[in-house]
A.B. asks: 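One structure coming up, written as C-alpha coordinates, with questions to follow.
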Amino acid sequence: MNSKIKLTTRLFAFIRHGSQARFEILCNPNLVFPCSCVIVLLCSCAIYDKNYDWVESIQKGDYEIISLGTYPYTTSQIRYEPEEFVELRNKIENSYELLPQIVRHFYPEDVWAYYNTPIHFKYKFGATDSFGNKIILRFFARVPEGEFAGYSIQFVFIDKEVREIYLFKTPLE
(Lines give C-alpha, C1' and ligand atoms only; values in the text may rest on other atoms or scores of the structure.)
Protein backbone atom coordinates (compact mmCIF):
# COMPACT_ATOMS: atom_id res chain seq x y z
CA MET A 1 0.00 0.00 0.00
CA ASN A 2 2.85 2.33 0.88
CA SER A 3 4.43 1.90 -2.59
CA LYS A 4 1.14 2.89 -4.27
CA ILE A 5 1.08 6.13 -2.28
CA LYS A 6 4.68 6.84 -3.31
CA LEU A 7 3.84 6.20 -6.98
CA THR A 8 0.83 8.51 -6.82
CA THR A 9 2.88 11.20 -5.06
CA ARG A 10 5.58 11.00 -7.71
CA LEU A 11 3.03 11.17 -10.50
CA PHE A 12 1.55 14.36 -9.03
CA ALA A 13 5.05 15.73 -8.56
CA PHE A 14 5.65 15.09 -12.24
CA ILE A 15 2.61 17.11 -13.13
CA ARG A 16 3.52 19.99 -10.79
CA HIS A 17 7.28 20.32 -11.05
CA GLY A 18 8.03 19.59 -14.65
CA SER A 19 11.58 18.75 -15.68
CA GLN A 20 12.88 17.44 -12.35
CA ALA A 21 9.94 15.05 -12.05
CA ARG A 22 10.30 14.03 -15.72
CA PHE A 23 13.83 12.93 -14.94
CA GLU A 24 12.52 10.86 -12.02
CA ILE A 25 10.06 9.07 -14.29
CA LEU A 26 12.70 8.30 -16.87
CA CYS A 27 14.96 6.83 -14.20
CA ASN A 28 12.30 5.00 -12.18
CA PRO A 29 11.16 1.73 -13.78
CA ASN A 30 8.14 1.56 -11.45
CA LEU A 31 6.62 4.65 -13.05
CA VAL A 32 7.40 4.02 -16.71
CA PHE A 33 4.73 1.36 -17.26
CA PRO A 34 1.80 3.15 -15.56
CA CYS A 35 2.60 6.42 -17.32
CA SER A 36 2.94 4.77 -20.72
CA CYS A 37 -0.41 3.02 -20.18
CA VAL A 38 -2.09 6.34 -19.41
CA ILE A 39 -0.57 7.94 -22.51
CA VAL A 40 -1.69 5.04 -24.74
CA LEU A 41 -5.22 5.17 -23.33
CA LEU A 42 -5.49 8.92 -23.85
CA CYS A 43 -4.20 8.68 -27.41
CA SER A 44 -6.56 5.83 -28.30
CA CYS A 45 -9.52 7.77 -26.93
CA ALA A 46 -8.55 10.81 -28.96
CA ILE A 47 -8.10 8.80 -32.16
CA TYR A 48 -11.22 6.64 -32.02
CA ASP A 49 -14.45 7.90 -30.57
CA LYS A 50 -16.77 4.93 -30.10
CA ASN A 51 -19.74 7.25 -29.62
CA TYR A 52 -19.26 8.95 -32.99
CA ASP A 53 -22.62 9.21 -34.72
CA TRP A 54 -22.22 9.87 -38.45
CA VAL A 55 -25.92 10.69 -38.87
CA GLU A 56 -25.84 13.38 -36.20
CA SER A 57 -22.56 14.68 -37.57
CA ILE A 58 -23.98 15.17 -41.08
CA GLN A 59 -27.19 16.69 -39.75
CA LYS A 60 -25.05 19.30 -38.01
CA GLY A 61 -23.25 20.06 -41.28
CA ASP A 62 -20.01 18.15 -40.68
CA TYR A 63 -19.18 16.39 -43.96
CA GLU A 64 -15.63 15.41 -43.00
CA ILE A 65 -16.07 11.67 -43.66
CA ILE A 66 -17.49 12.23 -47.16
CA SER A 67 -15.26 12.27 -50.24
CA LEU A 68 -16.13 12.88 -53.87
CA GLY A 69 -15.26 9.92 -56.08
CA THR A 70 -15.48 6.16 -55.77
CA TYR A 71 -14.04 3.80 -53.19
CA PRO A 72 -10.39 3.56 -54.33
CA TYR A 73 -9.77 -0.15 -53.69
CA THR A 74 -10.96 -3.31 -55.39
CA THR A 75 -14.26 -4.69 -54.15
CA SER A 76 -16.02 -8.02 -54.54
CA GLN A 77 -19.79 -7.95 -54.77
CA ILE A 78 -21.56 -10.41 -52.46
CA ARG A 79 -24.42 -12.37 -54.04
CA TYR A 80 -26.10 -13.68 -50.93
CA GLU A 81 -25.79 -11.02 -48.31
CA PRO A 82 -25.17 -12.12 -44.75
CA GLU A 83 -27.29 -10.84 -41.87
CA GLU A 84 -24.60 -8.29 -41.05
CA PHE A 85 -25.13 -6.57 -44.43
CA VAL A 86 -28.88 -6.38 -43.85
CA GLU A 87 -28.33 -4.85 -40.42
CA LEU A 88 -25.97 -2.18 -41.82
CA ARG A 89 -28.32 -1.50 -44.73
CA ASN A 90 -31.17 -0.90 -42.28
CA LYS A 91 -28.99 1.63 -40.42
CA ILE A 92 -28.66 3.67 -43.60
CA GLU A 93 -32.28 3.28 -44.67
CA ASN A 94 -33.42 4.51 -41.25
CA SER A 95 -31.43 7.69 -41.97
CA TYR A 96 -32.73 7.97 -45.51
CA GLU A 97 -33.31 11.75 -45.48
CA LEU A 98 -29.55 12.29 -45.21
CA LEU A 99 -28.72 10.87 -48.65
CA PRO A 100 -30.38 13.73 -50.61
CA GLN A 101 -28.90 16.19 -48.10
CA ILE A 102 -25.39 14.92 -48.92
CA VAL A 103 -26.04 15.37 -52.66
CA ARG A 104 -27.41 18.89 -52.17
CA HIS A 105 -24.33 19.85 -50.17
CA PHE A 106 -21.76 18.62 -52.71
CA TYR A 107 -23.68 19.37 -55.93
CA PRO A 108 -25.66 22.55 -55.29
CA GLU A 109 -25.68 23.38 -59.03
CA ASP A 110 -27.99 20.44 -59.78
CA VAL A 111 -31.43 22.03 -59.77
CA TRP A 112 -33.45 18.80 -59.48
CA ALA A 113 -31.72 18.03 -56.21
CA TYR A 114 -33.63 20.99 -54.75
CA TYR A 115 -36.84 21.76 -56.53
CA ASN A 116 -37.99 19.56 -59.40
CA THR A 117 -38.11 15.81 -59.04
CA PRO A 118 -37.04 14.57 -55.64
CA ILE A 119 -34.26 12.02 -55.84
CA HIS A 120 -34.92 8.60 -54.35
CA PHE A 121 -32.02 6.38 -53.42
CA LYS A 122 -32.30 2.62 -53.78
CA TYR A 123 -29.98 0.01 -52.37
CA LYS A 124 -27.91 -1.60 -55.13
CA PHE A 125 -25.44 -4.06 -53.61
CA GLY A 126 -23.07 -4.93 -50.82
CA ALA A 127 -19.41 -5.77 -51.27
CA THR A 128 -16.22 -6.41 -49.36
CA ASP A 129 -12.91 -4.81 -50.17
CA SER A 130 -9.88 -6.69 -51.44
CA PHE A 131 -8.54 -7.06 -47.91
CA GLY A 132 -11.86 -8.37 -46.58
CA ASN A 133 -11.98 -6.13 -43.52
CA LYS A 134 -14.36 -3.46 -44.87
CA ILE A 135 -17.96 -3.69 -46.00
CA ILE A 136 -19.13 -1.38 -48.76
CA LEU A 137 -22.84 -0.72 -49.36
CA ARG A 138 -23.86 1.16 -52.49
CA PHE A 139 -27.01 3.23 -52.98
CA PHE A 140 -28.06 4.79 -56.28
CA ALA A 141 -30.53 7.53 -57.24
CA ARG A 142 -31.53 7.91 -60.89
CA VAL A 143 -31.66 11.44 -62.27
CA PRO A 144 -34.29 12.10 -64.94
CA GLU A 145 -33.12 13.94 -68.05
CA GLY A 146 -29.63 14.57 -66.79
CA GLU A 147 -26.20 14.55 -68.36
CA PHE A 148 -25.40 11.55 -66.18
CA ALA A 149 -27.33 8.51 -64.95
CA GLY A 150 -27.56 9.46 -61.32
CA TYR A 151 -25.82 9.71 -57.97
CA SER A 152 -24.07 6.84 -56.23
CA ILE A 153 -23.19 6.83 -52.57
CA GLN A 154 -20.89 4.17 -51.12
CA PHE A 155 -20.81 3.64 -47.38
CA VAL A 156 -17.66 2.03 -46.02
CA PHE A 157 -18.05 0.15 -42.75
CA ILE A 158 -15.38 -1.13 -40.39
CA ASP A 159 -16.61 -3.07 -37.37
CA LYS A 160 -20.23 -2.07 -38.11
CA GLU A 161 -19.42 1.66 -38.01
CA VAL A 162 -19.45 4.04 -40.98
CA ARG A 163 -15.88 5.26 -41.49
CA GLU A 164 -16.02 6.77 -44.98
CA ILE A 165 -18.67 7.83 -47.47
CA TYR A 166 -17.99 8.27 -51.20
CA LEU A 167 -20.28 10.27 -53.47
CA PHE A 168 -20.05 10.38 -57.25
CA LYS A 169 -22.08 11.06 -60.34
CA THR A 170 -22.61 7.84 -62.28
CA PRO A 171 -22.07 8.42 -66.02
CA LEU A 172 -24.58 7.38 -68.68
CA GLU A 173 -23.67 4.03 -70.22
A.B. asks: Return the set of residues passing side chain to side chain donor-acceptor pair (under 3.5 Å) with Ser152 (not counting sequence neighbours), or none when no residue passes.
C.D. replies: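 Ser152 satisfies side chain to side chain donor-acceptor pair (under 3.5 Å) with Arg138, Thr170 only.
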A.B. asks: Where do Phe121 and Pro100 come nearest, in terms of heavy atoms and distance?
C.D. replies: CE1-N, 3.9 Å
A.B. asks: Report, one line per pair, each donor and acceptor closer than 3.5 Å where one atom sits in a side chain of residues 84-91; sequence neighbours left out.
C.D. replies:
| residue | atom | partner | partner atom | Å |
| --- | --- | --- | --- | --- |
| Arg89 | NE | Glu93 | OE2 | 3.0 |
| Asn90 | ND2 | Val86 | O | 3.3 |
| Lys91 | NZ | Lys160 | O | 2.7 |

A.B. asks: Is any side-chain heavy atom of Leu99 closer than 4.5 Å to one of Tyr151?
C.D. replies: no
A.B. asks: Could you pull out all residues at least two apart from Gln154 that satisfy side chain to side chain donor-acceptor pair (under 3.5 Å)?
C.D. replies: none
A.B. asks: Could you pull out all residues at least two apart from Glu97 that satisfy salt bridge (Lys or Arg N to Asp or Glu O under 4.0 Å)?
C.D. replies: none
A.B. asks: At what distance, to the nearest 0.5 angstrom, does CD1 of Ile78 lie from OG1 of Thr128?
C.D. replies: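 Atom-to-atom, Ile78:CD1 and Thr128:OG1 are 4.0 Å apart.
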A.B. asks: Taking salt bridge (Lys or Arg N to Asp or Glu O under 4.0 Å) as the test, write out the residues that go with Glu56, two or more places apart.
C.D. replies: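 Glu56: salt bridge (Lys or Arg N to Asp or Glu O under 4.0 Å) contacts with Lys60.
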A.B. asks: What distance separates Tyr63 OH from Leu167 CG, expressed to the nearest 0.5 Å?
C.D. replies: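 If I round to the nearest 0.5 Å, the distance is 11.0 Å.
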A.B. asks: Name the orientation class of the two ring planes belonging to Phe155 and Phe157 (parallel below 30°, tilted from 30 to 60°, perpendicular beyond 60°).
C.D. replies: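 Tilted: the ring planes of Phe155 and Phe157 meet at 30° to 60°.
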A.B. asks: Write down the atom of Ala149, the atom of Pro171, and the distance for their closest heavy-atom approach.
C.D. replies: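 Scanning both residues, the minimum pair turns out to be CB-O, 3.7 Å.
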A.B. asks: Tell me whether Phe148 is reachable from Phe168 by hopping between hydrophobic residues (I, L, V, M, F, W, Y) whose side-chain heavy atoms are closer than 4.5 Å.
C.D. replies: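 The answer is no; the residues belong to distinct hydrophobic clusters.
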A.B. asks: From Ile136 CD1 over to Tyr73 OH, what is the distance, rounded to the nearest 0.5 angstrom?
C.D. replies: 11.0 Å
A.B. asks: Just by distance, do the side chain of Asp159 and the backbone of Glu161 share a donor-acceptor pair under 3.5 Å?
C.D. replies: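 Absent.
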A.B. asks: Could you give the distance from CZ (Arg104) to CG (Leu98), rounded to the nearest 0.5 Å?
C.D. replies: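 The distance works out to 10.0 Å.
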A.B. asks: Are side-chain heavy atoms of Ile153 and Ile92 found at a separation under 4.5 Å?
C.D. replies: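 No; the side chains remain at least 4.5 Å from each other.
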A.B. asks: What heavy-atom pair brings Val162 and Ile65 nearest, and what distance separates the two atoms?
C.D. replies: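 Taking Val162 first and Ile65 second, the nearest heavy atoms are CG1-CD1, 4.0 Å.
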A.B. asks: With sequence neighbours excluded, tell me which residues meet side chain to side chain donor-acceptor pair (under 3.5 Å) with Tyr123.
C.D. replies: Glu81
A.B. asks: Check whether any side-chain heavy atom of Asn94 lies under 4.5 Å from a side-chain heavy atom of Val55, and answer yes or no.
C.D. replies: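 Of all side-chain heavy-atom pairs linking Val55 with Asn94, none is under 4.5 Å.
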A.B. asks: Do you know the tightest heavy-atom contact between Leu137 and Gly126?
C.D. replies: CD2-CA, 3.7 Å
A.B. asks: Answer whether the closest heavy-atom distance between the side chains of Glu164 and Lys134 falls below 4.5 Å.
C.D. replies: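 Answer yes - side chains close enough.
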A.B. asks: Check whether Tyr166 and Phe106 end up in the same hydrophobic cluster, where Ile, Leu, Val, Met, Phe, Trp and Tyr are linked by side-chain heavy atoms less than 4.5 Å apart.
C.D. replies: no
A.B. asks: Report yes or no: do Leu172 and Val103 belong to one cluster of Ile/Leu/Val/Met/Phe/Trp/Tyr joined by side chain heavy-atom distances under 4.5 Å?
C.D. replies: no
A.B. asks: Are Ile66 and Ile135 linked, directly or through other ILVMFWY residues, by side chains that come within less than 4.5 angstrom of each other?
C.D. replies: yes
A.B. asks: Going from CZ on Phe125 to OG1 on Thr75, what distance comes out if it is rounded to the nearest 0.5 angstrom?
C.D. replies: 6.0 Å
